[in-house]
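Take a look at the structure set out below.
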Amino acid sequence: MAEPACTIIRLEATKVRPDLLAQVEAIFWQTSARTFPPGPERDAFLERWLGRYLSAADDVALVALNPPDIVAGYLVGALEDPATQARFDDIAYFRSDFAHLTAQFPAHLHINLDARFRSRGIGARLIEAFAGHAGCAGAPGMHVVTGKGMRNVRFYERCGFTARGAAPWKGGEIVFLGREL
């Protein structure tokens, strides 16, 4: 018997169900390359890469729900240029390395899937849903930033992103992948 398809829904910043938020945070930590003991450093990391997008009314937070209410994955993103927003001052590469690119590809996203739901097209559906929101908001393009050579680069390329720039970051190299809308 075929598995039921996931449904993609948009979370409202002020009305995120606690059960869905708990699952999104669990996927965030499951997919994170970093681990932290409980405390302020862990809280700041969560806020930087997830929390700020869940609390801003103009940002987009999407979840893929596998029936009945299992979060298979999520995508969070901002529709405006991060190089021009003070709330992203803690991510220096937006202004120092990629400002010339973020102007052309202002919408940006973070996406993670529970390992049990990968390679089923769910991530691509989340990307397309975000592209729809970004396009309707008037963004000319969208981008992601990830480690150069990471396995997720191929996923983004399959979703229409192309490498537009690279920069050193924390002892490694990051790549800016952009997609026109």
Side-chain angles (χ1 to χ4, degrees), residues 2-33 45-82 85 87-88 91 94 102 104-147 150-162 175-181:
E3 182 176 323
C6 286
T7 302
I8 296 176
I9 63 167
R10 183 172 182 176
L11 301 178
E12 294 182 48
T14 59
K15 299 178 184 176
V16 179
R17 287 179 21 203
D19 61 318
L20 297 182
L21 179 59
Q23 291 180 69
V24 166
E25 287 184 8
I27 293 169
F28 174 84
W29 290 114
Q30 175 195 89
T31 59
S32 176
F45 186 80
L46 179 69
E47 178 62 24
R48 174 186 249 192
W49 302 113
L50 176 63
R52 75 173 86 203
Y53 301 96
L54 294 173
S55 60
D58 293 337
D59 288 348
V60 175
L62 304 169
V63 295
L65 288 178
N66 193 50
D69 275 339
I70 306 297
V71 175
Y74 71 88
L75 181 150
V76 292
L79 302 175
E80 296 180 18
D81 185 346
Q85 295 183 47
R87 71 184 178 125
F88 293 107
I91 306 175
F94 283 132
T102 61
Q104 185 179 357
F105 304 96
H108 70 280
L109 62 100
H110 301 277
I111 183 173
N112 287 303
L113 293 177
D114 182 305
R116 299 171 297 168
F117 294 97
R118 293 186 188 143
S119 300
R120 297 181 188 187
I122 298 167
R125 287 184 54 215
L126 284 164
I127 295 275
E128 290 311 309
F130 180 74
H133 287 287
C136 286
M142 61 185 186
H143 74 271
V144 296
V145 177
T146 191
M150 298 295 288
R151 90 181 148 85
N152 64 353
V153 171
R154 288 185 32 215
F155 163 74
Y156 292 122
E157 290 172 342
R158 286 191 305 273
C159 290
F161 291 84
T162 58
V175 62
F176 182 103
L177 301 161
R179 173 179 154 181
E180 293 175 358
L181 294 174

- Looking only at heavy atoms, the pair that brings Arg52 and Ile91 closest together is NH2-CD1, 4.1 Å
- Taking the side chain from Glu80 and the backbone from Gln85, do they hold a donor-acceptor pair closer than 3.5 Å? no
- Query: Of all residues at least two apart in sequence or in a different chain, which pass the salt bridge (charged side-chain N to carboxylate O under 4.0 Å, His left out) check with Arg158?
  - Reply: none
- Query: Phe117 and Ile122: which non-hydrogen atoms are nearest, and at how many Å?
  - Reply: O-CD1, 3.7 Å
- Leu50 and Glu25 have their tightest heavy-atom pair at CD2-CG, 4.1 Å
- Quick one: does Thr31's side chain get under 4.5 Å of Arg118's, heavy atoms only? yes
- First locate atom CZ of Arg116, then atom CD1 of Ile70, and finally report the distance between them rounded to the nearest 0.5 Å. 7.0 Å
- Query: So how far is it from Phe130 CZ to Leu79 CG, rounded to the nearest 0.5 Å?
  - Reply: 5.0 Å
- Under a 4.5 Å cut-off applied to non-hydrogen side-chain atoms, are Ile127 and Arg179 in contact? yes
- Of all the heavy-atom pairs spanning Ile111 and Gly123, show the shortest one and how long it is. CD1-O, 3.5 Å
- Only one of Arg48, Glu47, His110 forms a side chain to side chain contact (heavy atoms under 4.5 Å, CB included) with Tyr53, so which one is it? His110
- Note on the structure: In this structure, CG of Leu126 is separated from CG of Leu109 (nearest 0.5 Å) by 9.5 Å
- Determine whether Leu20 and Tyr74 make a side-chain contact, defined as any pair of heavy atoms from C-beta on separated by less than 4.5 Å. no
- Query: Are Val76 and Asp59 close enough, and set up right, to give a side chain to side chain contact (heavy atoms under 4.5 Å, CB included), and what steps lead you there?
  - Reply: CA-CA 7 Å; Val76 292; Asp59 288 348; over 6 Å; no
- Query: What distance separates Leu21 CG from Phe28 CZ, expressed to the nearest 0.5 Å?
  - Reply: 12.0 Å
- Item | Pairwise distance CZ(Arg125) to CG(Leu75) - rounded to 0.5 angstrom | 13.0 Å
- Query: So, Gln23 side chain and Asp69 main chain: donor-acceptor pair closer than 3.5 Å or not?
  - Reply: yes
- Could you check if a side-chain atom of Ser32 sits within less than 4.5 angstrom of a side-chain atom of Trp49, using non-hydrogen atoms only? no
- Within-4.5 Å side-chain heavy-atom neighbours: Val71 and Asp114: no
- Task: For side chain to side chain contact (heavy atoms under 4.5 Å, CB included), just list the numbers for Leu46 and Trp29, CA-CA rounded to whole Å, side-chain angles, deciding distance to a tenth of an Å, and then say yes or no.
- Result: CA-CA 9 Å; Leu46 179 69; Trp29 290 114; 3.8 Å; yes
- Give the minimum heavy-atom separation between Gly135 and Leu181, together with the two atoms involved. N-CD1, 3.9 Å
- Can you tell if the side chain of Leu177 reaches within under 4.5 Å of the side chain of Phe105, non-hydrogen atoms only? no
- Item | Sequence-distant partners of Tyr156, ring pair (Phe, Tyr, Trp, His ring centres under 6.0 Å), two or more places apart | Phe161
- Sequence-distant partners of Asp19, salt bridge (charged side-chain N to carboxylate O under 4.0 Å, His left out), two or more places apart: Arg17
- Item | Check: Leu65 and Ile9 side chains under 4.5 Å, non-hydrogen atoms | yes
- Item | Approximate separation, where rounding is to 0.5 Å, of Thr102 OG1 and Met142 CE | 15.5 Å
- Query: Taking the inter-plane angle between the rings of His143 and His108 on a 0 to 90° scale, is it parallel (under 30°), tilted (30 to 60°) or perpendicular (over 60°)?
  - Reply: parallel
- Write down the atom of Ala134, the atom of Ala107, and the distance for their closest heavy-atom approach. CB-CB, 3.9 Å
- Should Leu113 and Ile27 count as side-chain neighbours, where that means a heavy-atom distance under 4.5 Å? no
- Query: More than 12 non-hydrogen atoms from neighbouring residues, nucleotides or ligands closer than 6.0 Å to CZ on Arg87, yes or no?
  - Reply: yes
